[in-house]
Amino acid sequence: MAGVPAGVVAAGGLVGGYGVARWTKKRPLGGVALAAAGVVAAREWRRKGGNGTAAALSGLYVAAFAGSHPLAKKVGSWPSVFAVAGAVAVASWVVVDRK
C-alpha cells in the first residue's frame, strides 16, 4: 500500500462496497469489500496518527456508511455514496495523509 493515501483506500471502500453490493445483488459481499478497505485504512490511520486518530477516523467511516442511507433518499444512491466517500477522504487527508 506504499504511496496510496489511507483516505483513498477508505473512499474506495465506500464506493466499491456499494458498487459490489449493487452489481452482484449480494449485500454481504459489498459488506466484505467495505470492511476490508476499512481495516486497511484503519491500520494506516493508526500507523500515522496513533490509536485515537484511528478510532476517530474509523468511527467517521462507519458513520459515513450509515449516513449514506438516509442521504440517498434525498439525493440518490450514487451521489450519496460519492458525498460520504469524499467527506471521509478529506477528513483523512486533513488529519493524517497530508503529513
Side-chain angles (χ1 to χ4, degrees):
M1 195 178 109
V4 179
V8 171
V9 174
L14 288 161
V15 172
Y18 175 69
V20 168
R22 182 174 177 125
W23 290 315
T24 65
K25 298 190 181 348
K26 298 194 184 325
R27 291 175 63 144
L29 194 55
V32 168
L34 176 80
V39 167
V40 171
R43 269 195 211 145
E44 194 64 12
W45 290 328
R46 187 172 62 110
R47 186 179 72 77
K48 289 183 177 178
N51 290 334
T53 298
L57 289 171
S58 295
L60 177 63
Y61 185 74
V62 172
F65 167 70
S68 70
H69 292 82
L71 182 59
K73 292 180 181 178
K74 296 178 190 251
V75 299
S77 298
W78 281 112
S80 171
V81 170
F82 287 131
V84 300
V88 170
V90 167
S92 179
W93 180 80
V94 167
V95 176
V96 296
D97 291 334
R98 70 179 169 160
K99 296 178 184 175

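Each residue takes its place number in the sequence, starting with 1. The figures here come from the full heavy-atom set of this structure, side chains too, leaving out hydrogens, waters and symmetry mates.
Across Ser80 and Val75, no two heavy atoms sit closer than the pair N-CG2, 3.9 Å. Between Val20 and Ala33, the shortest heavy-atom contact is CG2-CB, 4.4 Å. The two residues Ala83 and Leu71 make their nearest non-hydrogen contact at CB-CD2, 4.3 Å. When all heavy atoms of Ser77 and Ala72 are compared, the pair lying nearest together is CA-CB, 3.9 Å. Closest approach of Tyr61 to Ala37, counting heavy atoms only: OH-CB, 3.9 Å. Minimum interatomic distance between Leu14 and Leu34 (heavy atoms only, all atoms of both residues): CD2-CD1, 3.6 Å.
A heavy-atom distance below 4.5 Å is not found between the side chains of Val32 and Pro28. Tyr18 has its side chain within reach of Trp78: a pair of non-hydrogen atoms, C-beta onward, lies under 4.5 Å apart.
The ring pair (Phe, Tyr, Trp, His ring centres under 6.0 Å) search around Trp93 returns none, not counting sequence neighbours.
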task: Evaluate side-chain contact (heavy atoms from CB on, under 4.5 Å) for Val96 paired with Ser92, printing each intermediate quantity in order.
output: CA-CA 6 Å; Val96 296; Ser92 179; 3.8 Å; yes
### Task
Go through Lys48 and Val95 one step at a time and tell me if the side-chain contact (heavy atoms from CB on, under 4.5 Å) criterion holds.
CA-CA 9 Å; Lys48 289 183 177 178; Val95 176; over 6 Å; no
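Listed by first and then second residue, the salt bridge (charged side-chain N to carboxylate O under 4.0 Å, His left out) pairs that reach into residues 7-31 come to none, sequence neighbours excluded.
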